[in-house]
*Asks:* 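The structure's right below; bear with me while I get my questions together.
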Amino acid sequence: MHELKYSVLSALFLIPIVLISPGKSAAGISGVTRHSRANCFGFNESVTWYLHQSDTWKVISIHYPNPRTPAGAHTIDTGWSTTWRQAAYHPTEAYANRGDNYLVRGFHYRWTSAGEVLDEVTQQTGCGIYNGWWDY
Amino acid sequence: MLLTPVTQGAIPNQTQTEQMERIRFERELLDKEDLPLPDGGIILQNPEDMASFDFFKEARALEASDIKKYGYIKRPSYVALYLRQQKIKAADDVTTFDSMIFAFDFPKIQERHLKKVIGFAPSGSFIENGWTGGVELFITNYGVCRLEVNAITVSHGSIILDKTQTTFLINGKPTVTRIEGIENPINPIKSALLYTVEWYDATYFRKIECEAHDYNTNHLERMLDMARASD
């Protein structure tokens with residue numbers, strides 16, 4: 001297993017969102033949201049975001065080339081930083097149209113001076129930015 | 001428009017042995033960094049034993065210094081400003097409770113603590129049967145507030161708490177409080193402080209945030225009452 005680290009690439013994130021989104025967001029405005037996406041126009045990712053406030057977050061995204069076993073899996077670890085959007089993003093890794101079939105599991109951490117929180121584990125084998133996110 | 005639903009559960013054709021192998025692999029990975037583990041419950045630790053202790057030493061010292069000097073952490077709170085705005089016009093993702101699909105029973109704020117409910121919004125992620133978290137926005141006699149619920153039975157969350165900062169003020173459950181924001185002594189109407197009460201149990205991680213124009217610990221006391229009654 002090797003480990004890769006990528007910084008936040010907001011611009012690259014927004015392009016695929018715009019391509020697949022028919023309207024405006026129905027989430028991430030009034031509450032913190034978290035997701036993973038896999039085999040998505042080349043990228044795999046796990047993201048935590050909240051429009052109204054930066055928080056200290058760390059996202060670890062584990063990418064499994066074979067969803068059934070850990071063989072060949074690797075991690076993208078953002079490290080801790082204070083931001084409105086923390087993305088563990090790996091471009092040009094996974095293309096559904098060439099038969100890639102990654103499983104992505106995201107571990108979404110938050111730091112406060114009172115503790116370390118694992119807020120959520122997200123999991124995806126597809127590119128969908130789920131039903132409920134974009135519904136206008 | 002409906003897009004691919006998320007697969008939060010089992011992987012097709014994965015055997016139990018393979019699933020266990022993956023869980024072990026992930027636990028070893030996260031354990032190396034001493035991070036909270038999925039479904040790992042609530043752990044109380046001395047701050048110096050926490051994995052992030054050294055990395056955040058400066059940030060923690062700065063917060064402690066602010067609290068000593070002002071009573072609260074002095075930094076802008078955009079959540080406070082956002083909450084204030086909700087009284088005038090609710091955000092696009094705010095809707096009625098009946099329009100929301102939650103993957104859990106949403107524990108609402110008890111009615112006697114409310115003047116008016118503004119609405120509900122999603123948080124967390126959307127899994128097969130709904131959102132793993134949610135927000136209730138409401139107005140009290142003292143200001144605008146939000147309750148954010150993380151249903152850890154479906155989000156698989158966990159927490160390691162600094163035992164020196166943890167109380168048990170909400171019905172004996174681990175509780176953390178915080179006040180942050182900026183006061184404007186020349187124009188108090190522009191002051192924006194955010195009061196936060198977070199509490200944790202085996203089903204939910206919950207957070208109530210309320211905005212106010214002034215620093216007054218009575219606001220926090222009222223929020224603690226609200227949390228106790230809604231727990």
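Basis for what follows: all heavy atoms, side chains included, without hydrogens, waters or symmetry-related copies. Here is how names work: the chains are called A, B, and so on, in the same order as the sequence lines, proteins then strands, and each is numbered from 1.
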*Asks:* Considering only heavy atoms, which portion of B/Phe120 lies under 4.5 Å from any heavy atom of chain A: side chain, backbone, both, or neither?
*Replies:*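 No part of it gets close to chain A.
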*Asks:* Between A/Trp84 and B/Tyr78, does the ring centroid distance fall short of 6.0 Å?
*Replies:*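 No, the ring of A/Trp84 stays outside the 6.0 Å limit from the ring of B/Tyr78, centre to centre.
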*Asks:* Exactly one of B/Ser123, B/Ser125, B/Ser155 should register a side chain to side chain donor-acceptor pair (under 3.5 Å) with A/Glu120. Which one does?
*Replies:*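 Of the listed residues B/Ser123, B/Ser125, B/Ser155, the side chain to side chain donor-acceptor pair (under 3.5 Å) partner of A/Glu120 is B/Ser125.
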*Asks:* Measuring heavy-atom distances to chain B, does A/Thr112 have an atom under 4.5 Å in its side chain, in its backbone, in both, or in neither?
*Replies:*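 Contact with chain B: side chain only.
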*Asks:* What's the separation between atom CD in B/Glu26 and atom OH in A/Tyr64, rounded to the nearest 0.5 Å?
*Replies:*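 That separation rounds to 3.0 Å.
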*Asks:* Rounded to the nearest 0.5 Å, what's the gap from CZ on A/Phe107 to CG on B/Leu30? Could you check?
*Replies:*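 The CZ atom of A/Phe107 sits 5.5 Å away from the CG atom of B/Leu30.
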*Asks:* Where does B/Ser77 contact chain A at under 4.5 Å (heavy atoms): side chain, backbone, both or neither?
*Replies:*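 Its backbone and side chain both get close to chain A.
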*Asks:* Find the distance between NE2 (B/His156) and CG (A/Leu118) and round it off to the nearest 0.5 Å.
*Replies:*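 B/His156 NE2 to A/Leu118 CG: 10.0 Å, rounded to 0.5 Å.
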*Asks:* In terms of heavy-atom proximity below 4.5 Å to chain A, should B/Gln45 be classed as side chain, backbone, both, or neither?
*Replies:*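 Neither the backbone nor the side chain of B/Gln45 comes within 4.5 Å of chain A.
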*Asks:* Please classify the contact between B/Lys57 and chain A as side chain, backbone, both or neither, with a heavy-atom cut-off of under 4.5 Å.
*Replies:*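 Contact with chain A: none, neither part.
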*Asks:* Run the numbers on B/Ser52 and A/Glu116 for side chain to side chain donor-acceptor pair (under 3.5 Å), then give the verdict.
*Replies:* CA-CA 8 Å; B/Ser52 61; A/Glu116 297 157 357; 2.5 Å; yes
*Asks:* At their closest point, which heavy atom of B/Ala91 faces which heavy atom of A/Ile29, and how far apart are they?
*Replies:*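 Between these two residues, the closest heavy atoms are CB-CG2, 3.5 Å.
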*Asks:* How close do B/Asp93 and A/Gly31 get, counting heavy atoms only, and between which atoms?
*Replies:*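 The answer is OD2-N, 4.4 Å.
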*Asks:* Using a cut-off of under 4.5 Å for heavy-atom pairs, which of A/Ser30, A/Ala38, A/Pro67 has the most such pairs with chain B?
*Replies:*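 Ranked by contacts with chain B, first place is A/Ser30.
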*Asks:* Kindly indicate, with the supporting measurements, whether the criterion salt bridge (Lys or Arg N to Asp or Glu O under 4.0 Å) is fulfilled by A/Arg68 and B/Glu21.
*Replies:* CA-CA 9 Å; A/Arg68 290 175 55 182; B/Glu21 193 189 350; over 6 Å; no
*Asks:* Between A/Ser54 and chain B, which part of the residue has a heavy atom less than 4.5 Å away: side chain, backbone, both or neither?
*Replies:*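 Contact with chain B involves no heavy atom of A/Ser54 at all.
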*Asks:* Which atoms of B/Ala51 come close to chain A, meaning under 4.5 Å heavy atom to heavy atom: side chain ones, backbone ones, both, or neither?
*Replies:*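 Both the backbone and the side chain of B/Ala51 come within 4.5 Å of chain A.
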*Asks:* Side chain, backbone, both or neither: which part of B/Val79 has a non-hydrogen atom closer than 4.5 Å to chain A?
*Replies:*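 It is both, since atoms from each part get that close.
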*Asks:* Using non-hydrogen atoms only, which part of B/Glu18 is less than 4.5 Å away from chain A: side chain, backbone, both, or neither?
*Replies:*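 For B/Glu18, heavy atoms of backbone and side chain both lie under 4.5 Å from chain A.
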*Asks:* Checking heavy atoms, do the side chain of B/Pro76, its backbone, both or neither come under 4.5 Å from chain A?
*Replies:*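 Only the backbone of B/Pro76 comes within 4.5 Å of chain A.
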*Asks:* Carefully, step by step, assess B/Phe56 and A/Trp80 under the rule ring pair (Phe, Tyr, Trp, His ring centres under 6.0 Å).
*Replies:* CA-CA 10 Å; B/Phe56 289 111; A/Trp80 291 106; 5.6 Å; yes
*Asks:* Distance from B/Arg178 atom CZ to A/Ser113 atom OG, nearest 0.5 Å?
*Replies:*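 Atom-to-atom, B/Arg178:CZ and A/Ser113:OG are 6.5 Å apart.
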*Asks:* Using non-hydrogen atoms only, which part of B/Ile152 is less than 4.5 Å away from chain A: side chain, backbone, both, or neither?
*Replies:*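 Neither part.
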